[in-house]
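Reckoned from all heavy atoms, side chains included, excluding hydrogens, waters and symmetry mates. Order of the sequence lines sets the chain letters (A, B, ...), proteins ahead of strands, with each chain counted from 1. Keep in mind that this is a model prediction, so the values were computed, not measured.
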2 protein chains.
Amino acid sequence: MKSDNDRLALYEARARIIKAMAHPSRLIIIDELAKEERCVCELTEIIGADTSTVSKHLSVLRNAGIVLDEKRGNQVYYRLRVSCILDFFGCVESVMQAVARDQMRLVR
Amino acid sequence: MKSDNDRLALYEARARIIKAMAHPSRLIIIDELAKEERCVCELTEIIGADTSTVSKHLSVLRNAGIVLDEKRGNQVYYRLRVSCILDFFGCVESVMQAVARDQMRLVR
DNA sequence: CCTGTATTTGGCAATATAGCCAAGTAGCCA
DNA sequence: TGGCTACTTGGCTATATTGCCAAATACAGG
């Protein structure tokens, strides 16, 4: 039988992973990595922030276990650890659509 | 053609929804509401925090469009707006398993 | 070895989040 | 009306996050 503490620990572990995704720049990174692996400089270009900022975003994703990094020569390449991450977006989108639909109903 | 601004706005909207889920107590709430609707006092009991704290968590979920509320008599009942929210957990779990697997490999 | 490029880390200021208590609002029932 | 229960909101403090600059580290090539 699981104790309350076990249950809390499980939800805390889940929250850590979800929190790691809860930032626009990190969602862009995830979307890019879903297409193919990228080095930090490419992601920096795409996001348009300071390299150090992007590097820190990547470390958040890495610490959460969402991405893997591999140093090749001068560069560090990142890729998704599991690809199902993208399934998130489908559901997020349907929340957004449901909200939009309900607001539409109010206006009419 | 979408501008960079449009793209950013989309990812910001997604991030708002995901961020609303990024807290252990709110994940517990989502899990409970997936079973059946609940009033604030029931959720407060389950979570074991101050009523005002739970109420604020619920307002975060409501503002994100994840839950709907309905006042019936003295109580306010909350329910999920879309049920696919639960799909998140499957993927989160597989991240956790992949991490565990890799750590296992290091130890061996 | 020296230089330039790629990346990470430390440090800091601005901002956001979390949780509690206290106070306010709303509906029920006597 | 008065009191009770359910819930939300305001206000506060503690803590976490974000993003920049500057400095440190790692590596490739001459």
**Study point:** Within residues 52-61 of chain B: residues closer than 4.0 Å to DNA chain C (heavy atoms)
**Key:** B:Ser52, B:Thr53, B:Lys56, B:His57
Practice item. Count the heavy atoms of every other residue, nucleotide or ligand shown that sit under 6.0 Å from CD of B:Glu45, and state whether that count exceeds 12. Key: no
Exercise for review: Considering only NZ, NE, NH1 and NH2 on the basic side and carboxylate oxygens on the acidic side, decide whether A:Asp102 and B:Arg81 come within less than 4.0 Å.
Suggested key: yes
Point to revise | Any B:Glu93 side-chain heavy atom under 4.5 Å of A:Leu10 side chain | key: yes
Practice item. Would you kindly give the CG-to-P distance between A:Asp50 and C:dT9, to the nearest whole Å? Key: 15 Å
Point to revise | Whole-Å gap separating C1' (C:dT7) and CD (A:Glu42) | key: 14 Å
Practice item. Using a strict 4.0 Å threshold on nitrogen-to-oxygen distance, state whether B:Arg72 and B:Glu37 make a salt bridge. Key: yes
Practice item. Evaluate the side-chain proximity of B:Leu68 to B:Tyr78: yes if any heavy-atom separation is below 4.5 Å, no if none is. Key: no
Exercise for review: Looking at every strand, decide which applies to A:Tyr77 at a 4.0 Å heavy-atom threshold: base, sugar-phosphate, or nothing.
Suggested key: nothing
**Study point:** In one Ile/Leu/Val/Met/Phe/Trp/Tyr side-chain cluster, 4.5 Å: A:Val99, B:Tyr11
**Key:** yes
Review point. Is a side-chain donor or acceptor of A:Ser55 paired with a backbone partner of A:Ser52 at a separation under 3.5 angstrom?
Key: no
Review point. Below 4.5 Å, heavy atoms only, C-beta onward: do A:Val95 and B:Ile85 meet side chain to side chain?
Key: yes
Exercise for review: Check every nucleotide of DNA chain D for an atom under 4.0 Å from a heavy-atom of chain B, then give the first and the last such nucleotide from 5' to 3'.
Suggested key: D:dT5 to D:dG11
Review point. Quick one: A:Lys19 NZ to C:dA16 C1', roughly how many Å, whole number?
Key: 11 Å
Practice item. May I ask you to test the B:Lys19-A:His23 pair for a side-chain heavy-atom distance under 4.5 Å? Key: no
Review point. So, do B:Leu27 and B:Phe89 sit near enough that their side-chain heavy atoms are less than 4.5 Å apart?
Key: yes
**Study point:** Protein-nucleotide distance (B:His23, atom NE2; C:dA16, atom C1'), rounded to Å
**Key:** 13 Å
Review point. Which residues within residues 63-74 of chain B lie with some heavy atom under 4.0 Å of an atom in DNA chain C?
Key: B:Lys71, B:Gly73, B:Asn74
Check your understanding: Of the options B:Arg38, B:Arg26, B:Arg79, which is the one that meets B:Glu32 in a salt bridge (Lys or Arg N to Asp or Glu O under 4.0 Å)?
Key -> B:Arg38
Practice item. Would you kindly give the CD-to-P distance between B:Gln75 and C:dG27, to the nearest whole Å? Key: 13 Å
